[in-house]
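Excluded from the calculations below are hydrogen atoms, water molecules and symmetry mates; all remaining heavy atoms, backbone and side chain alike, are included. Predicted, not measured: the structure shown is a model, and the values here were computed from it.
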Amino acid sequence: MSVIAVTGATGYIGGRLVPVLLEQGHEVRVLTRRKKALRDVPWSMDVHIVVGDLADPEAAKELCSGAEVLYYLAHSMGGTKDFGPVEERCAQVLAAAAKAAGLQRLIYLSGLHPDGELSMHLTSRVKVGEILESSTVPTLTLQAGLIIGSGSASFEMVRHLTDVLPVMPAPRWVLNQVQPIAIRDALHYLSEAAGLPPEVSGRFDIGGPRAHSYAELMRLYADAAGIRRPTILPLPVLTPWLAAQWVNLVTPIPRSLAVPLVESLQHDCVMRNHDIDTVIARPTKGLTGYLRAVELALAKMSDDTVETTWVTAHALESPADPLPSDPQWAGHTVFTDVRERDTKARPESVFKVIQGIGGETGYYSLPGAWALRGLVDKLVGGVGLRRGRRSRENLALGDAVDWWRVEEIVPVQLLRLQAEMRAPGRAWLEFSVAPTDSGSRYTQRAVFFPHGIAGRLYWLAILPFHGRIFSSMSKRITNAAEDLDHEPQSQ
């Protein structure tokens with residue numbers, strides 16, 4: 001077995017690949033900016049964690065030292081408009097570290113693409129591959145199309161477009177051919193690549209059994225989900241930019257990620273050959289068809305067993321700021337709304353209700369107001385309220401809850417959410433529970449640290465709504481906890 005280094009371990013692919021590698025008996029080390037980001041990950045105690053930035057030569061050196069194989073799964077798309085130079089710099093640092101450490105193999109996950117002019121996203125992916133290949137370390141580049149699995153960005157884009165729009169005016173690229181691959185098959189090729197001999201290198205296309213048009217992907221999704229097939233009307237007037245704005249509004253994919261994704265769909269993205277079959281055998285049960293991949297994804301969502309989502313790729317990328325009410329912010333303007341309620345419900349019941357907020361459950365107050373604020377956030381390029389949750393019942397550090405991110409969670413005691421919505425300031429929503437002689441004390445705290453005069457005016461504008469929203473939230477959450485206590489206990 002090998003010592004394997006993994007970048008992007010907190011992302012959608014990396015978060016699923018690491019446990020596969022561990023199961024195969026490999027020793028795994030991962031790179032993260034914050035060790036705390038992996039605190040609640042099931043495999044965190046089974047890996048060696050290197051703390052540092054991907055573009056930091058010292059961190060890259062520590063990651064590669066003593067390793068035999070390096071997986072390059074990180075990308076900056078969606079994090080910044082100018083992601084190309086950022087990705088190139090990170091690739092250069094890792095390539096140099098891999099060469100200096102004498103690694104036996106680099107494995108890079110890139111994208112299927114045609115020849116000729118490409119989108120910014122695909123151009124960057126190709127450039128990163130070229131940088132890694134120039135390291136002289138044997139490099140295997142796996143080029144995949146849309147990856148279909150519970151929580152993947154491609155699956156969520158198809159799912160929401162199909163669920164929301166029975167009739168969809170669409171750009172002409174919905175007729176382009178794409179060759180999706182099930183997440184389980186992508187993980188098969190990635191994990192098997194670690195055992196290849198050094199002389200095997202180069203670029204290999206990977207994909208599912210067949211190609212489909214994007215319109216067909218939506219129709220097949222509807223079949224798997226048991227809903228009516230959408231009527232799709234290809235229109236030549238919808239430019240990639242306009243289509244990306246539409247995707248931003250209708251799906252949980254934010255504008256920063258929707259633009260490069262949609263630009264990539266301007267091309268047919270299909271396998272040009274099956275050379276991969278000469279170096280890595282297909283899965284024992286064969287490749288998973290698109291319809292079956294969708295069924296498996298929906299089943300995981302139904303069973304509430306989704307391991308990672310596309311949102312985790314951006315979780316806790318930078319150190320969290322201290323709460324504005326902490327001593328470090330003494331002397332600064334801080335706005336708060338604090339609600340306390342005593343309840344007869346047990347602390348466990350109160351926290352269970354708290355941990356289930358957001359997503360399909362909502363926030364126990366004025367759902368129309370929350371929806372309107374989510375729409376406004378989407379219109380200005382924010383994440384909105386459609387990101388939902390990875391799990392219906394449980395939360396872990398770094399999880400997304402609509403436009404919130406779990407900044408801290410202590411079971412049966414504390415949940416603190418940091419806002420990722422667009423606003424002229426930083427915002428938090430904190431819930432805490434303490435036991436009392438008669439039940440529990442519930443404390444709810446909304447905190448806003450304004451940026452300049454715009455932040456102060458923003459707080460004053462929404463202040464009239466806070467009294468009703470937060471008062472209703474605290475009352476209904478504690479009522480729901482009391483109802484939970486009165487439910488018959490299963491034997």
Gln355 side, atom CD; Leu415 side, atom CG - distance, nearest 0.5 Å: 7.5 Å
Glu408 atom CD: more than 12 heavy-atom contacts under 6.0 Å: yes
Go through Met218 and Arg159 one step at a time and tell me if the side-chain contact (heavy atoms from CB on, under 4.5 Å) criterion holds. CA-CA 7 Å; Met218 288 187 279; Arg159 181 169 78 89; over 6 Å; no
Is Glu295 salt-bridged to Lys300, going by a charged N under 4.0 Å from an acidic O? no
Give me the one residue out of Val270, Asp205, Thr123, Leu122 that meets side chain to side chain contact (heavy atoms under 4.5 Å, CB included) with His113. Leu122
Residues passing the side chain to side chain contact (heavy atoms under 4.5 Å, CB included) test with Thr139, sequence neighbours excluded, are Leu106, Leu132, Glu133, Ser135, Thr141
Say whether, by atom type as modelled, one donor and one acceptor occur between the side chain of Asp268 and the main chain of Asn176 under 3.5 angstrom. no
Is there side-chain contact between Val6 and Leu73, with heavy atoms separated by less than 4.5 Å? yes
Within-4.5 Å side-chain heavy-atom neighbours: Leu217 and Pro180: yes
More than 12 foreign heavy atoms under 6.0 Å from CZ of Arg184: is that the case here? no
Say whether, by atom type as modelled, one donor and one acceptor occur between the side chain of Arg105 and the main chain of Val200 under 3.5 angstrom. yes
Could you walk me through whether Phe155 and Leu298 pass the side-chain contact (heavy atoms from CB on, under 4.5 Å) check? CA-CA 10 Å; Phe155 174 72; Leu298 291 173; 4.0 Å; yes
Looking at Thr32 and Ala37, what are the two nearest heavy atoms and their distance? OG1-CB, 4.0 Å
Tyr71 versus Ala194, closest heavy-atom pair with distance: OH-CB, 3.4 Å
Can you check whether Glu62's main-chain N or O pairs, donor with acceptor, with Ser65's side chain at less than 3.5 Å? no
Between Glu420 and Arg387, is there a side-chain N and carboxylate O pair less than 4.0 Å apart? yes
Using 4.0 Å as the upper bound for N to carboxylate O, is an ion pair formed by Lys352 and Glu393? no
If the threshold is 4.0 Å, N to carboxylate O, is there a salt bridge linking Arg416 and Glu430? yes
Provide the closest heavy-atom pair for Asp53 versus Ala59 in the form atom of the first, atom of the second, distance. O-CB, 3.7 Å
So, the side chain of Tyr221 versus the backbone of Asp163: is there a donor-acceptor pair under 3.5 Å, distance only? no
Cut-off 3.5 Å, side chains only: do Arg16 and Thr308 have a donor facing an acceptor? yes
Testing the 3.5 Å rule here: is there a donor-acceptor pair between the side chains of Trp428 and Glu407? yes
Do Arg219 and Ile232 have side chains that get closer than 4.5 Å, going by heavy atoms? yes
With a 3.5 Å distance limit and no angle check, can you tell me whether Ser2 reaches the backbone of Ile4 through a side-chain donor-acceptor pair? no
Using side-chain heavy atoms (C-beta onward) and a distance below 4.5 Å, is Asp277 in contact with Phe204? no
If you define the side chain from C-beta out and look only at heavy atoms, does anything of Arg373 sit under 4.5 Å from Met421? yes
Can a salt bridge be assigned to the pair Asp377 and Arg422 using a cut-off of 4.0 Å between side-chain N and carboxylate O? no
Could you walk me through whether Leu54 and Val93 pass the side-chain contact (heavy atoms from CB on, under 4.5 Å) test, one step at a time? CA-CA 8 Å; Leu54 199 62; Val93 169; over 6 Å; no
Could you tell me whether a side-chain N or O of Ser191 sits under 3.5 Å from a main-chain N or O of Leu187, the two making a donor and an acceptor? yes
Does a side-chain N-to-carboxylate-O contact under 4.0 Å join Glu216 and Arg210? yes
Could you check if a side-chain atom of Leu142 sits within less than 4.5 angstrom of a side-chain atom of Leu190, using non-hydrogen atoms only? yes
Please examine the side chains of Leu414 and Ile409, heavy atoms only from C-beta on, and report whether any two atoms are closer than 4.5 Å. no
From Leu31 CG over to Ile49 CD1, what is the distance, rounded to the nearest 0.5 angstrom? 10.5 Å
Is the backbone of Ile280 close enough, under 3.5 Å, to the side chain of Glu192 for a donor and an acceptor to pair up by distance? no
Would you call Asp56-Lys61 a salt bridge at under 4.0 Å N-O? no
Interatomic distance, Ile13 atom CD1 to Leu17 atom CG [nearest 0.5 angstrom]: 8.5 Å
What residue among Arg33, Arg34, Lys35 forms side chain to side chain contact (heavy atoms under 4.5 Å, CB included) with Val51? Lys35
Would you check, one step at a time, whether the test salt bridge (charged side-chain N to carboxylate O under 4.0 Å, His left out) holds for Arg272 with Asp115? CA-CA 10 Å; Arg272 289 176 289 186; Asp115 294 325; 2.9 Å; yes
Ala297 versus Gly149, closest heavy-atom pair with distance: CB-C, 3.8 Å
Electrostatic pair Arg390-Asp399, nearest N-O below 4.0 angstrom: yes
Hey, what do you get for CG (Leu296) to OG (Ser150), rounding to the nearest 0.5 Å? 9.0 Å
Please confirm whether the backbone N or O of Gly398 pairs with a side-chain atom of Arg39, one donor and one acceptor, at under 3.5 Å? no
Which heavy-atom pair separates Ala144 from Leu109 by the least distance, and what is that distance? CB-CD1, 4.1 Å
Enter the distance from Ile253:CD1 to His160:NE2 here, rounded to the nearest 0.5 Å. 8.5 Å
Could you go through Tyr290 and His212, starting from their C-alpha distance and side-chain angles, then the distance that decides it, and tell me whether this counts as side-chain contact (heavy atoms from CB on, under 4.5 Å)? CA-CA 9 Å; Tyr290 171 74; His212 305 266; 3.8 Å; yes
Which pair of heavy atoms, one from Tyr189 and one from Pro283, lies closest together, and at what distance? OH-CD, 4.4 Å
Assert yes or no for the condition that the ring centre distance of Trp370 to Tyr363 is strictly below 6.0 Å. yes
For Val247, is there any backbone N or O sitting under 3.5 Å from a side-chain donor or acceptor partner on Thr251? yes
Would you find a donor on one side and an acceptor on the other, under 3.5 Å apart, between the side chain of Asn248 and the backbone of Lys378? yes
In Å, rounded to the nearest 0.5 Å, how long is the span from OG of Ser110 to CD of Glu130? 9.5 Å
Side chains of Ser124 and Glu87: do they bring a donor and an acceptor to under 3.5 Å? yes
So do Val69 and Leu103 actually touch side chain to side chain, heavy atoms under 4.5 Å? no
